[in-house]
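Some notes on the structure that comes next.
Worth saying up front: this structure is predicted, and the values here are computed from it rather than measured.
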Amino acid sequence: MFFSINRLVFIEEINKCNRIIDAKTPTPSLSGILLEVEADKVSLISSNTSMSIKTIIDIGTSDLLIKETGSILIRGKYFIEILRRMDDETINISSVEDNLVFLSGEKSEFSLNILNYTDYPLIAFREKGNTVVVNNMDLKKSLNQTIISVNEWNQKIVLAGLNFSLDDSMFYITGTDGFRVSRKRTNILDKIPEKFETNIPHKSILEIIKLLPEKGECKIVSTESHVTFIINNTIFQTIILEGQFPNVNAVFPTDFNTTLYMENKKFFKLISRADIPSEDNASTVVNLILNNDSIFIKSNIHQIGSFEEVFKDFELKGLDEQNICFNSKYLIDSLKTFETKNIEINLIDSKKPIVISSSEDINLSQIILPMFSN
């Protein structure tokens, strides 16, 4: 096997694969990255049994020149370290023995031990199934705006990730931990399938966010057991979370007694001030009292301190009296997801959910269940 390639590009592609490798895997071969060199491309494959990645570098790109085909199983961590220490723009990679690979440039040459590639398991990447195509940046933004409501360690397994689904031909990404709900509607670029619903683990979502570039499209393929994301030259595949995701439509109120209109930054700073730090990093219960043209924000942490501030920089629609308590962290997280100048706080009463929205981004909604102060 012998090929030459742009060093920085090769580092980037190896790093994609190396991130998901489990250093404690009981299968020795899965601690490596399978490198397959064919006549017209170089493929890199890695897996940790729950997630798998295949990234392809085609000939004619990245200064790739293939002189001899073959396969090797490399240890990604050490491979990346050596490549970073080299300063050549283009490097040569070759193997002439079963247990060694050589990396060379104009001035230096390194040799690294490799694993037996014949031990690597066959990984089937599923590229056919129910399919949606979305814009990369839209998807990345949607994932960041909804993952805040996911608890990776939720006892109800299906809630330990994000739900992708179609509802009335609209594509929704939803997260909930039982105390809050984040929901984002995202445009589909290609034809809309008859059905599409899947639940994707939290760790897989984090990797997808890292993989998504600023430009281009992402093809999402759903099967009974896996979901595949095809992003430019990279195929990312993940297992799905089993179970029925709750119907969040039932918890999203549509009629409100009170709506508060205000600038996002001003309200964010207000709630941040009310979020009193504590030794155990516990969330603060914040009390919002609406009385005519004033909002009174109060919070108290036993043996730490208390906070109270009057806020008047808002517009009101509906009832001018409300008294509700909520988790400060949940509200701060929700406000951060809005890139809009203005937001709306929609209230019914002290026992009903708070819905945060914005007329400047009608596709995003955040819901927080109320709390009761001590």
Side-chain angles (χ1 to χ4, degrees), residues 1-126 203-204 207 210-211 226 228 233-239:
M1 182 204 77
F2 187 100
F3 68 96
S4 59
I5 192 169
N6 181 284
R7 182 177 60 90
L8 295 179
V9 170
F10 202 46
I11 290 174
E12 182 179 347
E13 299 305 319
I14 294 175
N15 195 44
K16 288 180 186 177
C17 296
N18 196 57
R19 280 199 303 258
I20 70 166
I21 291 176
D22 181 3
K24 298 179 181 179
T25 177
T27 307
S29 62
L30 288 180
S31 65
I33 299 171
L34 181 64
L35 197 159
E36 296 180 326
V37 181
E38 301 175 56
D40 59 347
K41 63 185 177 183
V42 172
S43 302
L44 296 114
I45 299 171
S46 68
S47 179
N48 62 11
T49 67
S50 62
M51 292 181 276
S52 300
I53 288 181
K54 181 178 184 179
T55 183
I56 300 169
I57 307 167
D58 291 313
I59 200 163
T61 64
S62 309
D63 299 324
L64 177 60
L65 178 63
I66 297 171
K67 294 184 179 180
E68 186 178 345
T69 62
S71 299
I72 58 173
L73 186 58
I74 63 174
R75 292 178 171 91
K77 175 183 176 181
Y78 304 110
F79 221 76
I80 291 173
E81 281 302 315
I82 295 300
L83 289 171
R84 284 175 176 161
R85 294 179 186 185
M86 301 175 74
D87 58 5
D88 299 274
E89 183 177 346
T90 302
I91 48 102
N92 301 313
I93 299 170
S94 62
S95 65
V96 292
E97 301 178 34
D98 291 337
N99 61 345
L100 285 176
V101 62
F102 298 93
L103 294 82
S104 62
E106 291 184 1
K107 301 176 182 178
S108 57
E109 179 175 294
F110 294 87
S111 63
L112 285 175
N113 293 325
I114 55 177
L115 303 167
N116 188 346
Y117 76 89
T118 60
D119 293 336
Y120 202 79
L122 178 64
I123 299 173
F125 287 90
R126 299 157 178 83
K203 286 184 178 179
S204 299
E207 287 303 320
K210 293 173 186 174
L211 287 171
H226 291 78
T228 304
N233 66 318
T234 302
I235 303 172
F236 176 88
Q237 183 170 274
T238 174
I239 60 169

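Among all heavy-atom pairs drawn from P28 and P26, the shortest one is CD-O, 3.3 Å. Residues I59 and A39 approach most closely at CD1-O, 3.9 Å, considering heavy atoms. The two residues S4 and T90 make their nearest non-hydrogen contact at CB-CG2, 4.1 Å. Nearest heavy-atom pair, S52 versus I123, reported as atom, atom and distance to 0.1 Å: OG-CG2, 3.8 Å. Counting all heavy atoms, side chain and backbone alike, V9 lies closest to S62 at CG1-OG, 3.2 Å. S95 approaches I72 most closely through the heavy-atom pair OG-CG2, 3.7 Å.
With contacts defined as side-chain heavy-atom distances shorter than 4.5 Å, the pair N233/D58 does not qualify. Between S29 and P121, some side-chain heavy-atom pair lies under the 4.5 Å cut-off. Annotation: side chain of I93 is in contact with side chain of M1 (closest heavy-atom distance under 4.5 Å). Inter-residue side-chain proximity for I91 and I5 is flagged as met; some heavy-atom pair is nearer than 4.5 Å. You'll find the side chain of I114 stays beyond 4.5 Å of the side chain of L73, heavy atoms only. Contact check for N113 versus R75: side-chain heavy atoms found under the 4.5 Å cut-off. When side chains are defined from C-beta on, L115 does not count as touching Y120, because their heavy atoms never get closer than 4.5 Å.
Shown here is E38, whose CD atom has more than 12 heavy atoms of other residues, nucleotides or ligands within 6.0 Å. Within 6.0 Å of the CD atom in E109, the count of heavy atoms belonging to other residues, nucleotides or ligands exceeds 12.
Residues forming a side-chain contact (heavy atoms from CB on, under 4.5 Å) with I82 (at least two apart in sequence, or on another chain): M86, L103, F110, L112.
L211 contributes atom CG, which lies 5.0 Å from atom CD1 of I53 (distance to the nearest 0.5 angstrom). Here CE of M51 is found 10.0 Å from CZ of R19. Values are rounded to the nearest 0.5 Å. The structure places CG of N18 at 4.5 Å from CD1 of I80, a figure rounded to the nearest 0.5 Å. Atom NZ of K203 and atom OG1 of T238 lie 11.5 Å apart (nearest 0.5 Å). Taking CG of L8 as the reference point, atom CG of D63 lies at 10.5 Å (rounded to 0.5 Å). S43 OG to L35 CG: the interatomic distance, rounded to the nearest 0.5 Å, is 8.5 Å.
In this structure a side-chain-to-backbone donor-acceptor pair under 3.5 Å is present from T25 to T27. Between the side chain of D22 and the main chain of N48, no donor-acceptor pair closer than 3.5 Å is present. In terms of modelled atom types and a separation under 3.5 Å, the side chain of R7 and the main chain of D88 share a donor-acceptor contact.
Evaluated for a side-chain contact (heavy atoms from CB on, under 4.5 Å) with T55, the options V42, L44, N15 yield exactly one hit, L44.
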Worksheet entry | Worked check of side chain to side chain donor-acceptor pair (under 3.5 Å) between Q237 and T228 | CA-CA 4 Å; Q237 183 170 274; T228 304; 3.2 Å; yes

